[in-house]
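One structure below.
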Amino acid sequence: MPELPEVETVRIGLNQLLPGKKIDNVWSDWVKSFPNAKSDVAQFLIGAKIIQAQRRAKLLLISLSSNYSLVIHLKMTGQLVFRGKQNFGGGHPSNSLVGSLPDKSTRVILSFKDGGKLFFNDQRKFGWMRLLPSAEVPNIDFMKKLGPEPLGAGFSKAQFQQRVQRRPNSAIKAVLLDQTVIAGIGNIYADESLWGSKIHPATAVNKLSSQKLGVLFKAIQEVLNLSIELGGSSDRNYVDAEGKKGSYLKFAKVFRLQGQPCPRCGTPIIKIRVAGRGTHICPKDQRLI
DNA sequence: CACTTGACCTGTCCGC
DNA sequence: TGCGGACAGGTCAAGT
């Protein structure tokens, strides 16, 4: 997915739509999408009220009045779309990627007592949701391993440099994608922030000066903040909690823009492979050192 | 160890 | 039009 700005946009939308709603049913036809749906833990879901939606890294955390929480990872193609009572047809014709719901990629449906429904759609079935006691959520292995939030108040340039430098021989892009170093950056924002700081994605961390890493730190924050303002990036699948697309990709400088001129120098952008991922760079501004 | 590859899935696009 | 292969925004596990 959905990287940090997209998950944050979904969180904001869910927080406007869901708190106070009482869950009265759950449906799922793909076990891996929601393994708890039919287990005895479901008793902490049915009848519970939604408290609020929070985010950690690319994970959504929806707390319930039962002291359980839904932990959700959208992975590559997950969507969480809310529709109010009797409003399951297509909406937002000009900027929506979803039509009437459920559709063939719907994996889970939460129904609310007031008639609204939350649809978890996931074309590729990589995403998942789990129901866990709220107090245990911070202790789950993958939560404990996550690095700091790049937009967190306490996250400083010095801390960024220090964490990145724990992997001195790795390509900087691989390190940005490592969720245990910094949490929330994915392929789009890695490419965009490396272009913004004129760093070749395959550059080993130990070749980058502290000053250069400082420039990258600022670029990451700028790119993430801009994307959140614009409602995230929509390519094929991403939508917000109302099914609407985000517009960040219209402002992207390199991502998926191979062949187009670099906005800074006009050199055609190229697509290469770094850390096993498709990677977009300006070959003139981003030289390998 | 650290880094790379394959697996998890479905859909789309591109070349033949 | 059909078919095969590559590729897609993420993350693990397994392999080198």
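Numbered from 1 within each chain, the chains take letters A, B, ... in sequence-line order.
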(request) Write down the distance between NE2 (A:H280) and C1' (C:dG9), rounded to a whole number of angstrom. (result) 11 Å

Cut-off 3.5 Å, no hydrogens considered: what does the side-chain donor-acceptor table look like for residues 130-142 of chain A, sequence neighbours left out?
unit_1 : atom_1 : unit_2 : atom_2 : d
A:S134 : OG     : A:N67  : O      : 3.0
A:S134 : OG     : A:Y68  : O      : 3.2
A:S134 : OG     : A:S69  : OG     : 2.8

(message) Applying ring pair (Phe, Tyr, Trp, His ring centres under 6.0 Å) as the test, list every pair that has at least one member in residues 265-289 of chain A; sequence neighbours left out.
(response) A:F255-A:H280

(message) I need the NZ-P distance between A:K271 and C:dC7, as an integer number of Å.
(response) 7 Å

(request) Only pairs at least two apart or in different chains count here, so list each ring pair (Phe, Tyr, Trp, His ring centres under 6.0 Å) that has a residue in residues 165-194 of chain A. (result) A:Y189-A:Y248

(message) Under the rule for salt bridge (Lys or Arg N to Asp or Glu O under 4.0 Å), what residues qualify as partners of A:R264, not counting sequence neighbours?
(response) A:D285

(request) Pick the P atom in B:dC9 and in C:dC3, then give their distance to the nearest Å. (result) 24 Å

(message) List the residues meeting side chain to side chain donor-acceptor pair (under 3.5 Å) with A:N169, not counting sequence neighbours, and say none if there are none.
(response) A:N206

(request) Check the distance between C:dG9's C1' and A:L230's CG and give it to me in whole angstrom. (result) 17 Å

(message) Between C1' on C:dA8 and CD on A:Q79, what's the gap in Å once rounded to a whole number?
(response) 15 Å

(request) Could you tell me whether the phosphate oxygens of C:dT11, OP1 or OP2, come under 4.0 Å of any side-chain nitrogen or oxygen in A:H73? (result) yes

(request) May I have the distance from A:D122 (atom CG) to C:dG9 (atom P), rounded to whole angstrom? (result) 15 Å

(message) Using a 4.0 Å heavy-atom cut-off, does A:G127 contact any base of the nucleic acid, only the sugar-phosphate backbone, or nothing at all?
(response) nothing

(request) List in chain and number order the residues that pass side-chain contact (heavy atoms from CB on, under 4.5 Å) with A:S65, two or more places apart in sequence or in another chain; answer none if no residue qualifies. (result) A:A48, A:K49, A:I51

(message) By nearest heavy atom, map A:I188 and A:K145 onto DNA chain C; which one lands nearer the 5' end?
(response) A:I188

(request) Could you tell me the separation between the CZ atom of A:R277 and the P atom of C:dC12, rounded to a whole number of Å? (result) 13 Å

(request) Could you list by number each residue of residues 166-186 of chain A showing a heavy-atom separation from DNA chain B of less than 4.0 Å, or answer none if no residue does? (result) A:R167, A:N169, A:S170

(request) Represent DNA chain C in dot-bracket notation, 5' to 3'. Only Watson-Crick or G-U wobble pairs with both distances under 3.5 Å count; pseudoknot-style crossings use [ ] and interstrand partners use |. (result) .|||||||.|||||||

Only distances under 3.5 Å count here; give the side-chain donor-acceptor pairs of residues 143-156 of chain A to other protein atoms, sequence neighbours excluded, each with its distance to 0.1 Å.
unit_1 : atom_1 : unit_2 : atom_2 : d
A:E149 : OE1    : A:R55  : NH1    : 2.9
A:E149 : OE1    : A:R55  : NH2    : 3.1
A:E149 : OE2    : A:R56  : NH1    : 3.0
A:E149 : OE2    : A:A57  : N      : 2.6
A:S156 : OG     : A:Q159 : N      : 3.1

(request) Could I get the full list of salt bridge (Lys or Arg N to Asp or Glu O under 4.0 Å) partners for A:K21, not counting sequence neighbours? (result) A:D114

(request) Could you note down all residue pairs passing side chain to side chain donor-acceptor pair (under 3.5 Å) where residues 30-48 of chain A supplies at least one of them, sequence neighbours left out? (result) none

(request) Keeping the roles fixed (side chain from A:T77, backbone from A:R124), state whether a donor-acceptor pair exists under 3.5 Å. (result) yes

(message) Expressed as a whole number of angstroms, how long is the span from A:M76:CE to C:dG10:P?
(response) 6 Å

(message) If I pick the P atom on C:dT11 and the same atom on B:dC1, what distance separates them, to the nearest angstrom?
(response) 24 Å

(request) For nucleotides 7-13 of chain B, just jot down a letter per nucleotide in 5' to 3' order: B, S or -, based on protein non-hydrogen atoms under 4.0 Å. (result) -BBBS--

(request) Between B:dG11 and C:dC12, how far apart are the C1' atoms? Round to whole Å, please. (result) 23 Å

(message) Can a donor-acceptor pair be found, under 3.5 Å and without considering hydrogens, that links the side chain of A:Q286 to the backbone of A:P283?
(response) no

(request) Identify whether any heavy atom of A:F255 sits under 4.0 Å from a base atom; if not, whether one sits that close to sugar-phosphate; answer base, sugar-phosphate or nothing. (result) sugar-phosphate

(request) Ignoring backbone atoms, establish whether A:K58 has a side-chain N or O less than 4.0 Å from OP1 or OP2 of C:dG9. (result) no

(request) In whole angstrom, give the distance that lies between atom CG of A:L97 and atom P of C:dA8. (result) 19 Å

(request) Would you indicate whether the side-chain heavy atoms of A:I185 and A:L4 approach each other to under 4.5 Å? (result) no

(message) Check this one for me: any side-chain N or O of A:R273 less than 4.0 Å away from OP1 or OP2 of B:dT4?
(response) no

